[in-house]
Amino acid sequence: MRLKTTYIIGVLLIIWASFIYFTFINRPLNITESPENIDSQLNVLEGGIDEQFKHNREMINKLHTFLEHKKRNKMKNESSKQIKTQEHNGFVIPILVFACNRVSVSRCLDQLLQYRPNPDQFPIIVSQDCNHKETTDVINRYGSQVTLIKQPDQSDIEVLPQEKKFKGYFKIARHYGWALNQTFFNFNFDAVIIVEDDLEVAPDFFEYFTATYPLLLEDPTLWCISAWNDNGKIGLVNENNPEQLYRTDFFPGLGWMLTKKLWSELCTKWPKSYWDDWIRQPNQRKERACIRPEISRTKTFGKIGVSNGLFFEKHLKYIKLNDLFVPFTKMDLSYLLKDTYDREFVLKVYQSPVVSYQELKEDKIVYDGPVRIVYHTKDAFKRNAKMLGLMDDFRRACSIFQSGVPRMAYRGIVTFFYKKRIVHLAPSFNWKGYDLSWS
Ligand SMILES: *[C@@H]1O[C@H](CO)[C@@H](O)[C@H](O)[C@H]1NC(C)=O
Ligand SMILES: *[C@@H]1O[C@H](CO)[C@@H](O)[C@H](O)[C@H]1NC(C)=O
């Protein structure tokens with residue numbers, strides 16, 4: 001830029017010098033001529049000087065305009081940089097996509113690339129286990145749009161004979177441990193959003209995480225943001241309320257964000273298997289909650305793999321994937337901070353009238369607002385959950401880890417939507433905490 005300025009000023013000076021040369025030097029006065037001639041020559045000279053002044057003024061004006069323009073441009077550049085960092089809120093969060101041997105990872109990558117608002121703010125890292133060549137080829141086709149890393153330890157994992165059919169879960173845990181170490185300790189990011197190769201994402205997936213990240217940083221009683229609602233089936237969510245978010249004591253996973261701080265705490269004791277049930281245990285959770293949406297921002301499309309196909313057919317297939325863009329970053333989400341939430345949400349739950357499942361099902365309630373179904377025992381919880389179509393399991397059947405937290409519960413309360421109203425399946429107000437023996 002400096003060179004260009006010098007060049008332009010140089011060219012203008014040369015033009016100016018040539019003008020002076022042609023006006024004065026190239027046309028010397030001939031004083032040997034008659035007074036009349038001198039008179040007219042003086043007139044010419046006067047005119048020339050006038051013209052010269054005019055020309056100088058024009059040139060000075062041109063230089064001014066040029067410098068003004070340059071200054072304005074620079075200011076514009078600087079302010080556009082400011083806007084950019086403001087849009088960023090100064091943070092960069094990678095999306096870590098876990099891949100193994102499913103070429104359909106392209107479906108997930110296509111959607112991430114389609115909805116990603118800014119490649120600099122959300123770099124995509126694909127971590128591949130399994131050395132499956134066709135899948136590597138598919139990922140490589142994305143070129144510099146994604147960064148491919150490969151889990152190097154392909155050694156066999158020794159498991160007990162009765163766990164042979166669950167070996168996949170051991171490989172997944174090993175892969176997670178390695179890839180999260182890479183993300184946080186090698187690439188040195190402060191937070192990451194984890195996605196698996198069989199997930200579709202909603203149009204406002206990035207907007208949701210951008211808006212909730214500050215909550216994760218500010219509220220020490222939060223340890224994750226999840227895009228998933230385990231009870232988010234069509235018919236159990238309010239499709240007119242995609243902006244509604246909740247806290248949950250259950251770790252939902254399936255498109256979730258964690259910070260380096262949390263990983264530093266978990267990485268040294270990371271389990272060999274069933275990491276998601278392990279993370280839900282009180283020793284890891286330490287009474288922290290996640291944010292989850294009313295309507296899922298992810299949906300799984302794959303049924304091949306370690307999680308069983310029956311579960312997909314019976315349940316996952318019916319999860320509603322949000323299809324509207326909610327401008328979360330322009331909304332006040334402070335209602336999700338623990339103090340406010342515990343005061344306002346919990347109060348609303350226990351102020352709502354108690355109804356029975358029969359009354360609810362038969363739509364006989366004259367009152368319009370939210371209602372509550374009360375449970376006191378594990379069996380009552382399970383019975384009601386089953387009748388209502390909620391998830392009634394607490395963990396993977398094969399896993400050894402227990403937490404006693406019903407899916408999507410907060411303070412034992414499972415909130416969902418049923419026949420056009422909010423329903424809370426809730427324990428008594430003086431609830432004493434989760435019971436580890438519930439499973
Ligand atoms: C402003 O930025 C553009 C590209 O963003 C660049 O081409 C231009 O030279 C910059 N102008 C100044 C004055 O820095
Ligand atoms: C991840 O890093 C931690 C801390 O350096 C280390 O203790 C742990 O063994 C690593 N895990 C894996 C799977 O590499």
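Only heavy atoms go into these numbers, but all of them, side chains included; no hydrogens, no water, no symmetry mates. Remember, it's 1-based here, ligands and their atoms both numbered in the order they're listed.
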- line: atom 7 (O) of ligand 2: closest protein heavy atom, distance to 0.1 Å, is Thr268 CG2, 3.8 Å
- prompt: In the protein, which heavy atom is nearest to atom 4 (C) of ligand 2, and how far is it?
  reply: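 Of the protein heavy atoms, Cys267 SG, 3.9 Å lies nearest.
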- prompt: Do the charged groups of Asp435 and Lys432 touch, with an N to O distance under 4.0 Å?
  reply: no
- prompt: Any salt bridge between Arg280 and Asp277, counting N to O under 4.0 Å?
  reply: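 Judged by the 4.0 Å cut-off on N to carboxylate O distance, Arg280 and Asp277 do form a salt bridge.
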statement: Shortest non-hydrogen pair, Gln111 vs Glu200, comes out as OE1-CA, 3.1 Å
- request: Considering non-hydrogen atoms only, spot the tightest contact between Gly255 and Thr298 and give its length.
  value: CA-CG2, 4.1 Å
query: What atoms of ligand 2 come within less than 4.0 Å of a heavy atom belonging to Trp178?
result: 13 (C)
message: Quick test of your reading of the structure: of Leu180, Asn181, Asn186, Leu266, whose heavy atom lies closest to atom 3 (C) of ligand 2?
response: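 It is Asn181 that holds the nearest heavy atom.
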